[in-house]
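Comments concern the structure below.
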Amino acid sequence: MAYEVKGVVARSKGAPVTIETIIVPDPGPGEAVVDVQACGVCHTDLHYREGGINDEFPFLLGHEAAGTVSAVGEGVTNVAVGDYVILNWRAVCGQCRACLKGQLQYCFNTHNATQKMTLEDGTELSPALGIGAFVEKTLVHSGQCTKVDPAAPATAAGLLGCGVMAGVGAAMNTGAVQRGESVAVFGCGGVGDAAIAGAKLAGASTIIAVDIDDRKLEWARKFGATHTVNSKDTDAVEAIKGHTGGFGVDVAIDAVGHPAVFEQAFYARDLAGRVVLVGVPTPEMTIELPLIEVFGRGGAVKSSWYGDCLPSRDFPMLIDLYLQGRFDLDAFVSETIGLGDVEQAFEKMHKGEVLRSVVVFEK
Ligand SMILES: NC(=O)c1ccc[n+]([C@@H]2O[C@H](COP(=O)([O-])OP(=O)(O)OC[C@H]3O[C@@H](n4cnc5c(N)ncnc54)[C@H](O)[C@@H]3O)[C@@H](O)[C@H]2O)c1
Ligand SMILES: [Zn+2]
Ligand SMILES: [Zn+2]
């Protein structure tokens, strides 16, 4: 028997999101239905709504969520009804060429539910990042459920499902920040502040936050920024060199995903430094760089999907750090909202008024 629940849908490019009745099928083989308890509003949801990811409208938005497994399909062994889980968008297949090389964090064939959730008229929905969690119940592949300690509230835990994990991992995994290194983070939203927190956890001694909004820079300090630069009125590259003995940083992280910002990150690093792109560009964005600079500076230019995380390894670890008071997930939660408030949350995000608005579901 399918479930009828309420969810947030982007029907067409740029149109305000609407609340719709969603039909969620019973879980088939390998699938699970999860009662969503909380789901953060990530900038990627807005990218979907703007048509910046692809044109497969209508989208069921939301993908940064935690909840309780309420039904499992045939053959599911990793989770059971009642388990408290964070949803992930990297359910590794174990069989693709990346997995076979032992590089599960790059899995090229991640699992999603096989069946489709639909609108009442049968229109198939594209769930954001293969999840779709601004909805009371969602259907996912069981591998997308990562069990964590239920002592962590869903408002905090869910954030690990996307933006916070992407930021922390951009610093710790992709950028491989080491003790005593210097790091610059461009864009201090949820993802950038998580990169700052990740750099701090990794032991970076200089952490420079760059944003065009002073309020964001103030918040960035709370996550561990040792210096801040407002790049609206200051040359960010020069300022960063000024804070690093004239050399630039060991690791420069672009958490915006804009060519001008990427260029700043590229030039703000020291010789042999690493540039990490974790912000998501739109398809029409291009960048031109002197090839001699790419060669001559050495180091690495990397992109960071999901912070190169392995949910099974990283989610429980970060929840443990949270519960021990060593990683403040609550600090990312600016407000809790209802399902009907997602459109306003996009506006607040756009105006820079929030780090994360988190939809909570009444039970
Ligand atoms: N790679 C991944 O796996 C992954 C995961 C989640 C989100 N993302 C992406 O990361 C990016 C950030 O997401 P978010 O949720 O933190 O967004 P956000 O809107 O909360 O934060 C973006 C921040 O960038 C700042 N900014 C904008 N233009 C800037 C500029 N020119 N220079 C410096 N700062 C500037 C804004 O003031 C804001 O503080 C988005 O592109 C999002 O799609 C990537
Ligand atoms: Zn794989
Ligand atoms: Zn996201």
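These numbers come from the heavy atoms of this one structure, side chains and all, not from hydrogens, waters or symmetry mates. Indexing begins at 1, ligand by ligand and atom by atom, following the structure's order.
Atom CG of Asp83 and atom OG of Ser70 lie 11.5 Å apart (nearest 0.5 Å). Here the straight-line distance linking atom CZ of Phe266 with atom CD of Glu293 works out to 6.0 Å at 0.5 Å rounding.
Every heavy atom of Gly257 sits 4.0 Å or more from the atoms of ligand 1. Contact between His258 and ligand 1 is absent, with no heavy atom of the residue lying under 4.0 Å from the ligand. Not a single heavy atom of Phe346 sits less than 4.0 Å from an atom of ligand 1. Residue-ligand proximity: Gly190 is placed with a non-hydrogen atom under 4.0 Å from ligand 1. Assignment of Phe186 to the shell around ligand 1 is not supported, since no heavy atom sits closer than 4.0 Å.
With the Zn ion (ligand 3) as vertex, Cys162 SG and Cys42 SG subtend 130°, rounded to 10°.
For Lys216, the NZ atom sits in a packed shell: over 12 heavy atoms of surrounding residues, nucleotides or ligands are nearer than 6.0 Å.
Taking all heavy atoms of Gly52, Ala255, Ser334 into account, the minimum distance to atom 11 (C) of ligand 1 is reached by Ala255. Scanning Cys162, Ala209, Ala260 for the heavy atom closest to atom 6 (C) of ligand 1 points to Cys162.
For ligand 1, the polar-atom distance check finds an N/O of Ser304 within less than 3.5 Å of one of the ligand's N/O atoms. Of the N or O atoms in Val191, one or more lie within a sub-3.5 Å distance of an N or O in ligand 1. The shortest N/O to N/O separation between Val261 and ligand 1 does not fall below 3.5 Å. Considering backbone and side-chain atoms together, Leu355 places no N or O closer than 3.5 Å to any N or O of ligand 1. The distance criterion of under 3.5 Å between nitrogen or oxygen atoms is not met by Gly192 with respect to ligand 1.
Glu20 contributes no side-chain N or O that, together with a main-chain N or O of Leu119, makes up a donor-acceptor pair within less than 3.5 Å. Proximity of a side-chain donor or acceptor of Thr226 to a complementary backbone N or O of Ile207 within less than 3.5 Å is detected. Judged by distance alone, with hydrogens and angles left aside, the side-chain atoms of Glu31 form a donor-acceptor pair with the main-chain N or O of Gln115 at under 3.5 Å. Under the 3.5 Å distance criterion, the side-chain polar atoms of Asp270 are left unmatched by any main-chain donor or acceptor of Asp250. Judged by distance alone, with hydrogens and angles left aside, the side-chain atoms of Asn88 form a donor-acceptor pair with the main-chain N or O of Ala91 at under 3.5 Å.
Nearest protein neighbour of atom 10 (O) of ligand 1, counting heavy atoms only, is Gly279 CA, 3.6 Å. Nearest to atom 24 (O) of ligand 1 among the protein's heavy atoms is Gly187 CA, 3.5 Å. Atom 41 (O) of ligand 1 has its closest protein heavy atom at Val280 N, 3.0 Å. Looking at atom 44 (C) of ligand 1, its nearest protein heavy atom turns out to be Val278 O, 3.0 Å. For atom 18 (P) of ligand 1, the closest heavy atom belonging to the protein is His43 ND1, 3.5 Å. Of the protein's non-hydrogen atoms, Val256 CG2, 3.9 Å is the one closest to atom 26 (N) of ligand 1. Annotation: atom 28 (N) of ligand 1 to nearest protein heavy atom, Ile212 CD1, 3.6 Å. Closest to atom 7 (C) of ligand 1 among all protein heavy atoms lies Thr44 OG1, 3.4 Å.
Looking only at side-chain heavy atoms (C-beta outward), Ser312 and Lys147 stay at 4.5 Å or farther from each other. Side-chain contact between Val278 and Ser303: absent, with no pair of heavy atoms (C-beta onward) separated by less than 4.5 Å. Counting heavy atoms from C-beta on, the side chains of Val333 and Arg356 never come closer than 4.5 Å. Annotation: side chain of Ile337 is in contact with side chain of Val359 (closest heavy-atom distance under 4.5 Å).
Contacts with ligand 1 closer than 4.0 Å are made by backbone heavy atoms (N, CA, C, O) of Cys188 only, the side chain lying farther away. Using a 4.0 Å cut-off between heavy atoms, His350 makes no contact with ligand 1 at all. In Trp89, the part holding a heavy atom less than 4.0 Å from any atom of ligand 1 is the side chain. When non-hydrogen atoms are compared, ligand 1 lies under 4.0 Å from the side chain of Arg356 (C-beta onward) but not from its backbone.
Ring geometry for Phe327 against Phe332 counts as perpendicular: the plane angle is over 60°, on a 0 to 90° scale with 30° as the lower cut. Between His47 and His43, the ring planes lie tilted relative to each other; the angle falls in the 30° to 60° range. By the 30° and 60° cut-offs, the orientation of the rings of Phe315 relative to Tyr306 is perpendicular.
Across every non-hydrogen atom of Ala209 and Leu217, the tightest pair is O-CD2, 3.5 Å. Among all heavy-atom pairs drawn from Ala220 and Ile196, the shortest one is CB-CD1, 3.8 Å.
Under the side chain to side chain contact (heavy atoms under 4.5 Å, CB included) rule, Leu61 has a single partner from Val41, Val135, Thr44, Val17, which is Val17. For the salt bridge (charged side-chain N to carboxylate O under 4.0 Å, His left out) test with Lys348, the passing option among Glu343, Glu335, Glu353 is Glu335; the others fail.
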- [ ] Applying side-chain contact (heavy atoms from CB on, under 4.5 Å), run through Asn173 and Arg313 and close with a yes or a no.
- [x] CA-CA 12 Å; Asn173 298 330; Arg313 176 194 64 196; 3.8 Å; yes
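Of all atoms in ligand 1, numbered sequentially from 1 with element shown, those under 4.0 Å from a heavy atom of Lys216 are 38 (C), 39 (O). Near Ala166, with a cut-off below 4.0 Å to any heavy atom, the atoms of ligand 1 are 2 (C), 3 (O), 4 (C), 5 (C). Those atoms of ligand 1 that come under 4.0 Å of a heavy atom in Cys42, given as number and element, are 6 (C), 7 (C). Residue Met349 approaches ligand 1 through these ligand atoms, each under 4.0 Å from one of its heavy atoms: 19 (O).
The Zn ion (ligand 3) has no N, O or S atom of His43 closer than 2.8 Å.
At least one test fails for Arg326 against the ring of Tyr322: distance under 6.0 Å to the centre or angle within 45° of the axis.
For His63, the N, O or S atom closest to the Zn ion (ligand 3) goes by the atom name NE2.
Around the Zn ion (ligand 2), protein atoms of type N, O or S found under 2.8 Å number 4.
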